[in-house]
Amino acid sequence: MTIARLSGRPPRRVKGTTTLNLIELQQSLRERVRSAAAARFGVELEQVPSEVPPRIELGDLAFPVAFEMAKRIKQATGEKRNPRAIAEELRAELESAEGVARVEVAGAGYLNLFYDRARLLAGLSQTAPADAPAGDDARPKRMVEHTSVNPNKAAHIGHLRNSVIGDTFVRILRATGERVEVHNYIDNTGVQVADVVVGFIHLEGMSLAGVRALDASLKEDYPFDYYCWDLYARVGLFYRGGDPDAKEDPERLKLRVETLHALEEGGNPTAELADYVATRVVHCQLDTMARLGIRYDLLPRESEVLHFLWSHAFERMKESGAIHFQTGGKNSGCWVMPMETHEGSDEFEADKVIVRSNGTITYTGKDIAYQLWKLGQVDLNFYFKPFRADADGRAVWTTTSDPAQAAGHAPHFGRGSTVYNVIDARQAYPQEVVKRGVAAVAPQVGENSSVHLSYGMVTLSPAAAEELGLELSAEEKTRPFVEMSGRRGLGVKADDFIDTLEANALREVRERHPDVPLEGQQRSAHSLAVGALRYFLMKWTRNSVIVFDFKEALSTKGEAGPYCQYAAVRANSIFRKLPDGEMETAQRLVAGVAAGESGEAAERVRRVFDGEVGGEIWALVTLAARLPEVLAQAASFAEPSHLAKYTFQLAQAFNFFYNRDENRILEESDAPRRAVLVYVTDFVRRQLTDALATLGIEVPERM
RNA sequence: GCACCCGUAGCUCAGUUGGAUAGAGCGUCUGACUACGAAUCAGAAGGUCGCACGUUCGAGUCGUGCCGGGUGCACCA
C-alpha cells in the first residue's frame, strides 16, 4: 500500500529535485491566501476553504474566499467591497506561487487556480511511503468491532453488510496510517444460542456426543451452520406450537429460560453442548468471512465478559454513581442507570435496567462492561488463547476464563483510544445508553470515544423473498420490502450467494478465456465475485436501507465492482504489451520536466495537456491524485461508501480516457506524448488498485 | 406521546463539512467491436430536490412548521 498520509509529519521530498506534492502545494497556497488576506485587508481567516471546480475548464483548485472577506470587511469597517475586486487583489499573490500557471477570477468572485500541469505531474503521482508498521505501540489505537453474528446459524447477507462496512472501515483507517484492532464479539451465552441448544436437546434428543457425531457426518454442501440455520427456524416454530402465526407458548418458552440459565451458569452438560455448538458455528462464520478477505484480531466471548470482567466493571459502575439500586416502583430490586434526557411516561420507563431483580445482567450492562474494557477503563485483563490461524498464518485470538489455557505471548489487546461499533441502526438507543454509561463511569474518556457506526438493514424485495420460497402475506406484498428473519429461516445465506456469484463469474471468464487453465479461471471468478459483492454492499451510504434484489446484486455491469476491476485489468494489459524500459524512460522524462528542465521535449510534454483532449487527461490525473484526500474523508466521516463512489468515478474516468482514439498508447508515435500517456496510465492503475485494495477487492489477472 | 433516520430523474441512489449549469447506475431510444479487452464507450430523452416560510451575497445542504414513509422507546439481544 503506498498511500500518502494526510496528518502528522509532512510527506518527504525527493532529494535533489523540487518536485511538488499536491498536498504540500495546497497547504502552501492556503497559507498564501491567509497571509495575503491579513496583509492587504486586515482579515484574519481561521480557515481557508478550497474546493475542486465543477469543471476542469474552471481550473484545478478554487478559493471561494472573497465572499467571506467582503462580509468581514463590511462588519469591521462598514465599507462595502465587491468580492470580485477582492479576488483580483489576491490573484497576483497566488499567481507567483511555484507550480501555479495562472489564476482567474470567475463568477461572482471565485479565485480559480490552474496548475502548471507538466511541471506538477511528477509531484501529483508521487505517493509518500506507507506509515510506520504496526508494532509502534505508542500510537493511539482505534478499536473496531464488527460482524458479531450470533453463533447459532450461518451468516446471511445482512450480516455481510455489517462485516463489509466494518472491514472496509478498518482498511481505510489503516490506509491513513492508523493503528487498528479488530474485534468480533461472540455472544456464546445468549438467547439465540440457547434456542438452537433447545433444538438439539429437546427436538432432536441429542447429547454433546450426538451433536459431535452429527457434525462429523455432515457433507460439504450442508455444513453445520446450515444445519443450525434450519434447526433454529424449527425451534421458532416449536415455540409457536407449529403455527408460524401463533403466539409463543409460555410453557415451551420455559425450556429457553432453563437453557439460558444453564449457559450463563456454566460448568454443566448443557453449557458444554452450547460451547461446542457456538464454537463450531464461529468457525463456519469465520470461513465465510475469510472468503471475502475479512479477518479479526480478537474474538471476545460473552462467557468471559460474564464470568470474569463483569464483577470488576460492576464495582466501577457502583463507585462512580453511574447506577443505583432501586428500592421501589416499577424497577424495584434492579440496578438502574438514569436517563434524564429521556422522557419517562406510564408506558415507557426512562431509566435503563442494568441488573435485573433476579440478579442477571442485561445486554446493555454487559456491553458497558465490555466497552469499558476496550477503552482500558477496567483494571483487569482477560486471558487470551489462539482460536485458529488465518489462511496467511496469522493467529486470531479469543478470550478464555481458564488461566491454564492462557498463552503467555498474547498481544496487548484492549486499551483503545476510540471504539467504533458497527451495529445496525435499530440499536441506536441502546448504543446511546452504552455511550452514556461509559462516560458516566469514566468521564475522562467521555462520550466521544464511543462511536456507533450505524447502518440500515438489508431487506428483501418481495420478489426476492418469493424466489427464496417464502409465501408472503397480503400485507407483506404491499410493502416495498420484507425483513429477513433468522427465526423464520428467511434470508439469503452468505455462502450460497457467494457461490452463485462465483459460478456466474466463472461462466463469463470461461467464455472469454477458454485457454486458461481452470485454476486460473476460478481465481479470477473468485476475485470478481468478491468485487461484485463487496462493492454492492459498499456503494450505499450507511444510513440507507438496502432492498436486496437478486438481479441487481448479481449484476456486473454499470456501477459495480467488476466495472472497476475491468478498468484496472485493461490498464494492466497495456503494460503487458509495452516494450521493456519504456516505463522507465517515461519516468525520467516526467521527472526532468518536474525539475525544471527546458527544451523541446519539455515543451512537447507541456502540449500533451493542452486543448480538450489534454484537459481530459489532466482531469484524470487530478482525480487519481485525490485518493489520499478521499481516504482521509472516508475515515473522518466514518463513511466507507465515499471510497466506493470515488473508485467507481476513477474507473469511469479511466475508461473515458482509454476509449479515446487519440489516447491509444501502443499506436502513439510521438515519443514524448506516448511517454506521458504511459506515465498517466501507470499512475491511474496504481491508484485504482490501491483504492480497490482498500475496499477489499483484488484486480484479477484477466476477466 | 417522545427520540432518531429518510423524502432528489420512470426505478435505485450520490451530492465533498452552505458555493458556479443538481449528478451516477439501471431502464428506454440511437449508434460504435477481424479489440492497447464491448463485463466497454458515444449520444438522446428524463428533475418546481415532499410542501411553506426563514437565515445568507449564495440553500438539495442550515433553522422553524406542516405532509408522507421507516425505526426505536423491555427486568429481549
Side-chain angles (χ1 to χ4, degrees), chain A residues 49 51-55 58 62 64 66-68 70-71 83 106-110 112 150 187 190-192 260 330-336 339 341-350 352-364 366-367 424-430 432 454 456-457 480-481 505 508-509 512-513 528 532 539-541 543-547 549 551-552 555-560 562-563 565-567 569-571 573-578 626 629-630 633 636-637 639 641-642 645-646 648-649 652 655-656 658-660 663-668 677 681 702-703:
Chain A
E51 61 185 72
V52 179
R55 293 182 309 282
L58 291 171
F67 309 111
E68 171 71 14
K71 192 197 288 180
Y110 288 93
N112 290 345
N150 274 300
D187 183 2
V191 172
Q192 294 216 19
L260 186 59
K330 210 170 168 182
N331 293 332
S332 184
C334 300
W335 287 88
V336 302
M339 292 290 284
T341 51
H342 231 69
E343 292 277 320
S345 68
D346 293 346
E347 215 176 332
F348 304 113
E349 191 58 52
K352 180 71 201 162
V353 172
I354 301 298
V355 180
R356 303 185 188 102
S357 55
N358 67 3
T360 57
I361 309 146
T362 62
Y363 173 81
T364 309
K366 293 174 209 171
D367 220 16
D424 93 79
R426 287 172 298 184
Q427 295 191 46
Y429 177 67
E432 184 64 24
S454 80
M457 57 188 165
F481 53 77
E508 298 279 337
V509 172
R512 289 171 174 78
H513 305 282
L528 290 164
K539 70 182 199 178
W540 327 78
T541 48
N543 265 334
S544 58
V545 172
I546 299 180
V547 181
D549 178 78
K551 187 163 171 269
E552 195 188 354
S555 171
T556 61
K557 297 187 187 339
E559 195 194 341
Y563 177 96
Q565 292 169 302
Y566 188 53
V569 167
R570 295 211 288 194
S573 81
I574 293 175
F575 284 85
R576 259 202 303 278
K577 295 179 182 175
L578 204 66
R626 228 177 283 157
E629 183 188 323
V630 170
Q633 208 168 67
S636 69
F637 292 171
E639 183 51 272
S641 70
H642 285 164
K645 289 283 176 190
Y646 166 81
F648 175 66
Q649 274 172 24
Q652 227 176 5
N655 278 332
F656 180 64
Y658 177 91
N659 277 292
R660 264 233 186 237
N663 297 337
R664 297 180 77 82
I665 293 172
L666 298 179
E667 291 166 21
E668 180 60 62
L677 295 181
T681 302
R702 51 183 74 75
M703 59 187 279

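We name chains A, B, ... by the order of the sequence lines, and we start the count at 1 in each one.
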Heavy-atom donor-acceptor pair, A:Ser555 side chain to A:Lys551 backbone, under 3.5 Å
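Side chain of A:Ser555 to backbone of A:Lys551, a donor-acceptor pair under 3.5 Å: no, none is there.
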Got a donor-acceptor contact below 3.5 angstrom from the A:His642 side chain to the A:Gln633 backbone?
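Here the side-chain-to-backbone pair does not exist.
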Using the [atom1] atoms only, state how far [M] lies from [N], rounded to an integer number of Å.
| N | M | atom1 | result |
| --- | --- | --- | --- |
| B:C66 | B:C2 | P | 10 Å |
| B:G31 | B:C51 | C1' | 42 Å |
| B:C67 | B:C26 | C1' | 30 Å |
| B:A77 | B:C62 | P | 37 Å |
| B:G58 | B:G19 | C1' | 7 Å |
| B:U56 | B:G18 | C1' | 9 Å |
| B:A9 | B:U61 | P | 15 Å |
| B:A39 | B:U34 | P | 14 Å |

Which nucleotide, in any strand shown, forms a Watson-Crick or G-U wobble pair with [N], with both distances under 3.5 Å?
| N | answer |
| --- | --- |
| B:G18 | none |
| B:U64 | B:A52 |
| B:C26 | B:G10 |
| B:C2 | B:G72 |
| B:U40 | B:A32 |
| B:G47 | none |

Summarise protein proximity over nucleotides 21-32 of chain B in one line of letters, 5' to 3': B for base, S for sugar-phosphate only, - for none, counting protein heavy atoms closer than 4.0 Å.
B--SSS------
Evaluate A:Asn659 against A:Arg570 for side chain to side chain contact (heavy atoms under 4.5 Å, CB included), listing each step before the verdict.
CA-CA 11 Å; A:Asn659 277 292; A:Arg570 295 211 288 194; 3.7 Å; yes
A:Lys539 side, atom NZ; A:Ile546 side, atom CD1 - distance, nearest 0.5 Å:
9.0 Å
Can you tell me how far the CD atom of A:Glu51 sits from the CG atom of A:Leu58, to the nearest 0.5 Å?
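One finds 10.0 Å between CD of A:Glu51 and CG of A:Leu58.
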Any side-chain N or O of [X] under 4.0 Å from OP1/OP2 of [N]?
| X | N | answer |
| --- | --- | --- |
| A:Asn659 | B:U40 | no |
| A:Arg570 | B:U40 | no |
| A:Asn543 | B:C5 | no |
| A:Tyr563 | B:C41 | yes |
| A:His513 | B:G37 | no |
| A:Thr362 | B:C75 | no |
| A:Tyr429 | B:G72 | no |
| A:Lys577 | B:G37 | yes |

Assign A:Phe656 to base, sugar-phosphate, or nothing according to its heavy-atom contacts below 4.0 angstrom with the strands shown.
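Sugar-phosphate: the residue A:Phe656, judged by heavy atoms under 4.0 Å, touches backbone atoms but no base.
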Under 4.0 Å, heavy atoms only, any strand: does A:Leu528 hit a base, just the sugar-phosphate, or nothing?
base
[X] has an atom [atom1]; how far is it from atom [atom2] of [N], in whole Å?
| X | N | atom1 | atom2 | answer |
| --- | --- | --- | --- | --- |
| A:Ile361 | B:A74 | CD1 | C1' | 17 Å |
| A:Tyr363 | B:A74 | OH | C1' | 15 Å |
| A:Leu260 | B:A74 | CG | P | 20 Å |
| A:Gln427 | B:A3 | CD | C1' | 16 Å |
| A:Phe637 | B:U61 | CZ | P | 17 Å |

Is the aromatic ring centre of A:Tyr110 closer than 5.5 Å to the centre of the six-membered base ring of B:G19, with the two planes inclined by less than 30°?
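So A:Tyr110 does not count as stacking on the base.
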I need the minimum non-hydrogen distance between A:Ala66 and A:Gly109, along with the two atoms involved.
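Residues A:Ala66 and A:Gly109, closest heavy atoms: CB-O, 3.6 Å.
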In terms of the nearest nucleotide of RNA chain B, which residue is placed more toward the 5' end: A:Pro64 or A:Gly190?
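Comparing both residues, the 5'-ward one is A:Pro64.
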Ignoring hydrogens and geometry beyond distance, is a side-chain donor-acceptor pair present between A:Asn655 and A:Tyr563 at under 3.5 Å?
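Indeed, the side chains of A:Asn655 and A:Tyr563 share at least one donor-acceptor pair under 3.5 Å.
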Tell me, do A:Glu668 and A:Asn663 make a side-chain contact under 4.5 Å, heavy atoms counted?
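The answer is no; the side chains never approach within 4.5 Å.
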Answer with yes or no whether A:Ser544 presents, from its side chain, a donor or acceptor under 3.5 Å of a partner atom in the base of B:C13.
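Flag unset: no donor-acceptor pair detected.
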